[in-house]
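The block underneath contains the structure these notes are about, expressed in structure tokens.
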Amino acid sequence: MRLSRYFLPVLKETPSEAQIVSHRLMLRAGMIRQEAAGIYAWLPLGFRVLKKIEQIVREEQNRAGAIELLMPTLQLADLWRESGRYDDYGQEMLRITDRHERELLYGPTNEEMITEIFRAYVRSYKDLPKNLYHIQWKFRDEQRPRFGVMRGREFLMKDAYSFDIDEAAGRHSYNQMFVAYLRTFARMGLKAIPMRAETGPIGGDLSHEFIVLAETGESAVFCDKRVLDLPIPGDETNYDADLSEVVTQWSTLYACTEDVHDPARYEAETKPEDRLETRGIEVGQVFFFGDKYSKPMKAVVAGPDGAERPAQMGSYGVGVSRLLGAIIEASHDDKGIIWPEEVAPFGVAILSLKAGDPAVDAACETAYAALTKAGKEPLYDDTDERAGGKFATADLIGLPWQLIVGPKGIANGEVELKNRRSGERQTLPLDAALKALGA
Ligand code: 5CA
């Protein structure tokens, strides 16, 4: 992409309404624009990162055996009356009436709808297990939308729903998602710790929140810090095998959010030098709730004995749009964002220090073509802005690499390559720089 043709409305000033660094940086880097409290337009740069995050989530869901579909944002109120949650949900639910006076709502979650779909088609244990997911916008009329995309009212969630014949099989589905989450967040460069959690309006008695440690997080957390060094399951993970060992390993050391924190247990189970008390951002939550929805909604399946029983269910959410904020909280400096390679909106910034200079233009064009061809998604700053402004923008938007092309260097056939994270700079021939970037 050539910056002269792109839409990157960076802000020079720090927006005063933003209280935390990720919100400030997302506004300054021209990634999002607030359209109403807790409701954002995703500007091109923010949208690219959102799509990268979504794709990682999708790949890891698919790898774990979940199947993607897409449900609508609007749901019938009557469906929610079947589970009894229409009245329970309260003011967080956005209720809408259509021209025929039918009551609708903008979905805050999809347990009811997926259960309705499941019961329409599945009758037998032979069709189980099934895990269905979608990546769709949700609406929760949060009392205090804040921190930008971190606590929005409209936000993008991946939500998966598992159906099994009995509790043991249901736990295996839970474990599959647990392991998939460990891998998903690690691929984004995050350390997300599973912590025992309350189940709130979703229900059930088994649940873990996946928490990224950050001082600006909304929940206080207490954990044994050895949990930070546990290994992430690798590419070779077999999701059909028994995963309970991995889940046990990750859920044995003390790790709790304040809602379920038990000071006496904490003291008994941790050594003083291992205690870590900080704050965290919840980027995902998994639930196992058995027949909470399948029973009232009559989603029953026949077992091998012919007898019908309600399916055993779990649900598994990832805050896709919240993850942008969480990643920035975990990875930035005083100059701006530092994107992990896997989610960076572009792979490399090509900074032309003298647009219009034939030798500089030629070198930049060569680099742009080679990097594009190699799939490195370069963002070529071909504007006539002064060098200082280009450096500041490049640091602010945080692409992993900067390829700096100036007239003096090019006279010697050389360019500069800067790593955004380490700040390390190397002067080297253009060919060598392109090679180092994988082109
Ligand atoms: N149905 C279940 C799992 S599919 C569910 O809704 N779980 S949840 O309530 O925990 O939400 C899933 C994830 O969505 C949370 O872990 C969080 O990362 C994200 N999330 C929840 N509320 C918001 C919000 N207001 N803004 C941004 N992300 C949110």
Side-chain angles (χ1 to χ4, degrees), residues 58 60-72 75-89 105 107-136 158-181 199-208 237-248 251 285-317:
R58 174 177 290 119
E60 293 303 325
Q61 288 294 291
N62 294 348
R63 194 196 288 267
I67 305 162
E68 188 170 13
L69 47 54
L70 183 60
M71 291 176 268
Q75 308 187 19
L76 285 174
D78 281 344
L79 191 57
W80 284 62
R81 292 199 171 95
E82 287 191 43
S83 69
R85 277 208 299 184
Y86 189 64
D87 294 324
D88 291 354
Y89 227 89
L105 57 101
T109 176
N110 280 63
E111 279 80 5
E112 284 78 359
M113 191 178 281
I114 199 75
T115 305
E116 185 282 320
I117 292 171
F118 177 86
R119 79 178 170 198
Y121 302 108
V122 182
R123 299 267 182 280
S124 159
Y125 74 97
K126 289 182 193 153
D127 298 321
L128 298 181
K130 281 284 170 287
N131 186 337
L132 301 169
Y133 78 97
H134 72 162
I135 301 174
Q136 177 63 293
K158 181 287 297 182
D159 37 327
Y161 303 87
S162 65
F163 297 87
D164 283 281
I165 191 67
D166 56 27
E167 192 179 326
R171 293 220 168 214
H172 178 62
S173 295
Y174 183 91
N175 292 349
Q176 286 176 319
M177 289 292 105
F178 188 106
V179 170
Y181 279 25
T199 55
I202 307 293
D205 52 20
L206 174 60
S207 179
H208 288 90
T237 302
N238 175 4
Y239 281 96
D240 292 328
D242 182 4
L243 300 168
S244 52
E245 224 171 272
V246 184
V247 174
T248 304
S251 44
Q285 187 166 4
V286 291
F287 303 83
F288 180 69
F289 42 69
D291 61 8
K292 173 170 173 183
Y293 301 89
S294 52
K295 199 168 172 191
M297 293 185 67
K298 303 188 178 60
V300 294
V301 274
D305 55 359
E308 287 187 332
R309 61 205 88 185
Q312 291 288 312
M313 292 177 60
S315 76
Y316 316 92

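We use all heavy atoms of the structure for the numbers below, so side chains are in, but hydrogens, waters and symmetry mates are not.
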Angle between ring planes, F289 versus Y293, binned at 30° and 60°: parallel, tilted or perpendicular? perpendicular
Treating [X] as the side-chain partner and [Y] as the backbone partner, does any N or O pair qualify as donor plus acceptor under 3.5 Å?
| X | Y | value |
| --- | --- | --- |
| N110 | M113 | no |
| K298 | K295 | no |
| S294 | A311 | yes |
| Q176 | Y239 | yes |
| D242 | S244 | yes |

Could you give all pairs that pass the ring pair (Phe, Tyr, Trp, His ring centres under 6.0 Å) test and reach residues 108-129, with sequence neighbours left out? F118-F163
Just by distance, no angles: are the side chains of [X] and [Y] close enough, under 3.5 Å, to form a donor-acceptor pair?
| X | Y | value |
| --- | --- | --- |
| S173 | N131 | no |
| S162 | Y316 | yes |
| S207 | Q285 | yes |

d(Q136 CD, L70 CG) to nearest 0.5 Å is 5.0 Å
Taken to the nearest 0.5 Å, the spacing of T115 OG1 from M297 CE works out to 5.0 Å
Show, in sequence, the C-alpha distance, side-chain angles and deciding distance for K158 and Q61, and conclude whether the side chain to side chain contact (heavy atoms under 4.5 Å, CB included) test is met. CA-CA 9 Å; K158 181 287 297 182; Q61 288 294 291; 3.1 Å; yes
Hey, is R85 close enough to E111 for a salt bridge, meaning N to O under 4.0 Å? yes
Where [X] and [Y] come nearest, the two heavy atoms and their spacing:
| X | Y | result |
| --- | --- | --- |
| F287 | T199 | CE2-O, 3.4 Å |
| I114 | M71 | CD1-CE, 3.5 Å |
| I135 | R58 | CD1-NH2, 3.7 Å |
| S83 | E112 | OG-OE2, 2.5 Å |
| G303 | R309 | CA-NH2, 3.3 Å |
| Y86 | R81 | CE2-NH2, 3.3 Å |

Does Y161 form a side chain to side chain donor-acceptor pair (under 3.5 Å) with D159? I'd like the steps, not just the answer. CA-CA 7 Å; Y161 303 87; D159 37 327; 2.5 Å; yes
Derivation and outcome, salt bridge (charged side-chain N to carboxylate O under 4.0 Å, His left out), residues R119 and E82: CA-CA 13 Å; R119 79 178 170 198; E82 287 191 43; 2.7 Å; yes
Test item: D291 and M313 side chains (from C-beta on) under 4.5 Å apart, heavy atoms: no
Test side chain to side chain donor-acceptor pair (under 3.5 Å) applied to Y181 and H208, step by step: CA-CA 11 Å; Y181 279 25; H208 288 90; over 6 Å; no
